[in-house]
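Computed over heavy atoms, backbone and side chain alike; hydrogens, waters and symmetry mates excluded. Model, not experiment: these values are computed from the prediction. Sequential numbering from 1 along the given sequence is applied to the chain's residues.
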Amino acid sequence: MSEISLNINGVPRSLPARPGQCLRTLLRESGHSDVKKGCDSGDCGACSVLVDGHPVHTCLFPAMRAEGVDVVTVSGLGEPDALHRVQQSFVDNFGFQCGFCTAGMIVTAAALDAGDVDDLPRKLKGNLCRCTGYRSVRESIEKALGPQHAAPCTGRGVGESVVPPAAQRIVTGREPYTFDDLPAGTLHLAVVGSPHPHARIRSIDTSAAEAYPGVHLVLTHHDAPGVVYSSARHEHPTDDPDDTVLLDATVRFVGQRVAAVVAEDAMTAHRAGELITVEYETLPHVVDPHKARLEGAPLLHEGRTPHDRVDHAGRNVVLSFEDEHGDLDEAFAAAPHVVEGTWRSQRQSHAQLETHGSIGWIDDTGRLVIRSSTQVPFLTRDALCRIFELPPEKVRVFAARVGGGFGGKQEMFTEDLVAAAVLRLGRPVAYEMSRYEEFLRTSHRHPFEVTVRLAAHADGSLAAIDLDVLSDTGAYGNHARGVLFHSCAESVSLYRADAKRIRGEAVYTNNPPSGAFRGYGLGQVITAVESALDELADRLHIDPFELRRINAVRQGDPLLTGRPLPDPDLIYGSYGLDQCLDLAQHALADGGDRVPEGLHWRVGEGMAAAMIATMAPFGHIAQVSVSVDTEGTYRAGVGTAEFGNGSHTTHTQILAQALNTDPSRIVLDASDTDSATYDTGAFASAGITVAGKALHAAAMSLRAELLSLAPGGELVRDGVLLEDRIVDFAALLERSERVEDGVLTATGEERGEQRSVAFNVHAVRVAVDTTTGEVRIVRSVHAADAGTVINPEQCRGQIEGGVAQGYGAALLEEILLEDGHVTNPAFREYRVPQLADIPMTEVMFADTSDDLGPYGAKSMSESPFNPVVAAVGNAISRAIGRRLYEAPFSRDRIWRAIAQG
């Protein structure tokens, strides 16, 4: 250890620095949790600070070099009531969603001046944002550096762009995330992973690790409870196969956890893990989903049965189904036009900047407490209770603000190991994944292969739709069944046809597990269906927008997949597809960036449509409470997590509207099994349509009760207004017989028994360089049917973020594997879009109001992603005159397609 002296936010400090330590860990260990960890390789910028006025990535900056420097973190730029101009602009312009990248963004921008505005793509090349799509980030910086300033939002209710309640804390680095506050005496857990794609552990020697100074515990498969479960979390555990144990004697993918070491610090745990000796019996493995289901292929989960929700373990098939209605053979035989193709999608990383992780401890009452970066606190609690045979009252799970999720945190990847360690040791234990582990040890978007056949009449109306879908679920079946079923639902029911058939299989391979990801399978199948429709439109010389108008369902039409009857819980709460098609078509024709000059540039336009149900099927439950005290402060207990989905903002607006009060009078106790009765979780875009609806019900119940205490009055900010006076809340509560502990409480519930549908249409104009395969998007438009838009600016940001992830999937992102090994497990090698990569997207909203959603709102977090890849692929294909069948449509693939003529 060496002492170094430096100034941090104007305060002189003398800090002990370890050999090889970076400035990031030095700052965080000294209490500066506003310096975030996103990659620890200098690629994401979440850890950025100013060193002597210059932005640096502290994960690459040696602590010893900080001797005598001036360090400014984001909390040193300003305070919540006295913001720096850049911080204020990020608040006013909604320059964040989850907010995990925001500290680094603001620090970097604070070092710029007005002359840098035109060079922002280069100046911000070291700062990644996975949520926003960058438009709001760009505008926040431009307006902070220039003469333009956004007017502060003064709205409070539904339909207004109310600033998120946590905005000032986020932009000053004061909003806590999972690892920003560790209990005293916290131990750290590190995982030893498998080097083999398939092997049996013959022996494991942990003695050297256990003897290593600072080590408290080593866990192996010998310590695992005998409970089989799934890492996936759903309302119904039977949605997923039981194929996972805490630590397994058989490993099925490279990186699978083999042992866990708990030590005084993370470095000690990792070093001790290297001393564990494992003797493996390597087993035959299979990484091709086609080969995996052939007779004689290596079996991954031999012995699993349909009782475990594994349909054919002897063929590595988790799920196999076939649905058909109408006479398919007759329809194809009679149709004058048939198109057919097979499209392949890739593995995509969620790439949320806060990695998976959790901290556990035993509280004063003897309860196991887990603070986790999770979208599903209640479902995680229930899983831990099952694994460790604990009653629910003995387990609390909660989330601080979560730094991004996109479905990847609808899983249990760390909480079970942490719980096992805490229950053994009785000490606080933390497990924070590295970015390397994120690529190896979590889940990815399911790679699909989709074969589509379309038969059409001469007028373009569809006679038949035939789909054959193959999903690679990887080594475990988490979300395999739900993703496959969902992928083949709204992607097909969007269109009318005389006959439909869908065949699908989800297959185990010795690849890393796949899992839930924004869109939940729809994007993969929509890419294939919409590409085939584009091919049909081209062949029939029909405008692609018009072909959708001819074939898309209209309000009242049955929503049919391959089954002859529609899902009984799915209804048209509203219908806006017609408006979305019109809006996108007109916007595409109007404007756009200048097309690059030169004969080697070719231009093409493409579009795609998508439909999605507004929540998950088979029930999604929220049970909430809303209370008011004598001061007129409302406190809501709701289980939904905030991870950039905007639920805390929209929930506040729903309550403010229903209770006719100011957002400042509302306190949310959220994402905690102690704060609400129950909540299925923040997935399937349920924040508004389920939890929001339950809160609205509770608020309206409380409103009615308050008005009953002063009949004939109107509920206002300070009480109930009668003709000549206001009865304040203290007086109102005195009149009630239901007041407990100084508050009056009402409850609300939504069970998700009916679902509506929402629509999205995306359209682009691209220019393709035929000499290199480079693609430039010169016009990007998106029309969304979101019902009543509760917060227009926030909803616009959700759409832009989904579109940006779609552009990443269309052009850049792909997890590369060689024989089951991930070969690009870092942001430097895995191409997350930067500000320079994402065009401005014009977002338009259909004018609809939904019968089911609160105040007519629909969900709009997942769906914007779904049509983007298809729209881009269609535009490129029209530009170069050749159809592309494999995503991403990277430069090399485009160049080869052109070269092949």
Side-chain angles (χ1 to χ4, degrees), residues 2-15 17-18 20-79 82-90 95-96 99-129 134 137-138 140-146 170-174 353 827-828 832 834-836:
S2 300
E3 289 285 326
I4 63 169
S5 298
L6 70 167
N7 293 322
I8 304 177
N9 296 333
V11 178
R13 299 290 301 273
S14 181
L15 301 173
R18 298 184 297 274
Q21 186 174 19
C22 68
L23 183 57
R24 182 189 70 79
T25 57
L26 181 77
L27 291 171
R28 286 187 65 87
E29 289 169 7
S30 63
H32 295 279
S33 60
D34 50 330
V35 181
K36 304 303 183 190
K37 168 193 165 183
C39 66
D40 268 357
S41 58
D43 297 323
C44 76
C47 67
S48 297
V49 303
L50 297 179
V51 173
D52 292 335
H54 302 286
V56 302
H57 291 175
T58 56
C59 65
L60 297 183
F61 195 97
M64 299 301 295
R65 282 182 54 197
E67 174 68 35
V69 305
D70 287 310
V71 172
V72 178
T73 73
V74 75
S75 63
L77 290 175
E79 299 183 0
L83 298 177
H84 183 278
R85 71 183 191 282
V86 176
Q87 293 170 323
Q88 185 64 59
S89 191
F90 268 72
F96 63 88
F100 199 79
C101 72
T102 306
M105 286 280 188
I106 288 174
V107 165
T108 302
L112 304 179
D113 56 37
D116 294 316
V117 167
D118 293 334
D119 199 22
L120 286 184
R122 189 175 67 86
K123 294 291 185 180
L124 290 175
K125 66 180 181 179
N127 293 82
L128 298 178
C129 177
Y134 294 106
V137 171
R138 180 192 290 269
S140 297
I141 297 172
E142 289 175 344
K143 291 179 180 179
L145 300 181
I170 287 171
V171 300
T172 57
R174 287 165 170 81
L353 290 195
F827 284 158
R828 191 156 301 185
V832 176
Q834 300 174 339
L835 185 146

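Not a single side-chain hydrogen bond (donor to acceptor under 3.5 Å, both in side chains) links Arg13 to another residue, sequence neighbours left out. Residues meeting the side-chain hydrogen bond (donor to acceptor under 3.5 Å, both in side chains) test with Ser41, sequence neighbours left out: Asp43. Lys37 is linked by a side-chain hydrogen bond (donor to acceptor under 3.5 Å, both in side chains) to nothing, counting only residues two or more places apart in sequence or in another chain. Listed by chain and number, the residues in a side-chain contact (heavy atoms from CB on, under 4.5 Å) with Cys44 are Cys39, Ala46, Leu128, Leu353, Phe827 (sequence neighbours excluded). Residues meeting the ring pair (Phe, Tyr, Trp, His ring centres under 6.0 Å) test with Phe90, sequence neighbours left out: none. Residues forming a side-chain hydrogen bond (donor to acceptor under 3.5 Å, both in side chains) with Thr108 (at least two apart in sequence, or on another chain): Asn127. Scored by the side-chain contact (heavy atoms from CB on, under 4.5 Å) test, Ala63 finds Ala17, Gln21, Leu26 as partners (sequence neighbours excluded). Val72 pairs by the side-chain contact (heavy atoms from CB on, under 4.5 Å) definition with Asn9, Leu50, Leu77, not counting sequence neighbours.
For the pair Leu15 and Leu6, the tightest heavy-atom approach, listed with the atom from each and the gap, is CD1-CD2, 4.0 Å. The two atoms that bring Leu145 and Ala109 nearest to each other are CD2-O, 4.3 Å, heavy atoms only. When all heavy atoms of Cys47 and Cys59 are compared, the pair lying nearest together is SG-N, 3.4 Å.
Between Pro121 and Gln834 there is no side-chain heavy-atom pair separated by less than 4.5 Å. The side-chain heavy atoms of Val74 and Gln87, taken from C-beta on, include a pair separated by under 4.5 Å.
For the atom pair CG of Leu83 and CD1 of Ile106, the computed distance is 8.5 Å after rounding to the nearest 0.5 Å. Separating the CD1 atom in Ile8 from the NE2 atom in His32 is a distance of 4.0 Å, to the nearest 0.5 Å. To the nearest 0.5 Å, atoms CG (Leu124) and CE (Met105) are separated by 6.0 Å. Within the model, atoms OH of Tyr134 and CG of Leu120 stand 12.5 Å from one another, a figure rounded to the nearest 0.5 Å. Rounding to the nearest 0.5 Å places CE of Met64 at 13.5 Å from SG of Cys22.
For the pair Arg28 (side chain) and Val35 (backbone), a donor-acceptor distance under 3.5 Å is present.
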- [ ] Give the intermediate values and the outcome of side-chain contact (heavy atoms from CB on, under 4.5 Å) for residues Arg18 and Thr25.
- [x] CA-CA 10 Å; Arg18 298 184 297 274; Thr25 57; 4.3 Å; yes

Open item on the list: Could you go through Arg24 and Leu60, starting from their C-alpha distance and side-chain angles, then the distance that decides it, and tell me whether this counts as side-chain contact (heavy atoms from CB on, under 4.5 Å)?
Closed with: CA-CA 8 Å; Arg24 182 189 70 79; Leu60 297 183; over 6 Å; no

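Applying the side chain to side chain donor-acceptor pair (under 3.5 Å) test to residues at least two apart or on different chains, the pairs with a partner in residues 113-122 are Asp119-Arg122. Note on residues 54-70: pairs passing side chain to side chain donor-acceptor pair (under 3.5 Å), not counting sequence neighbours, are Asn7-Asp70.
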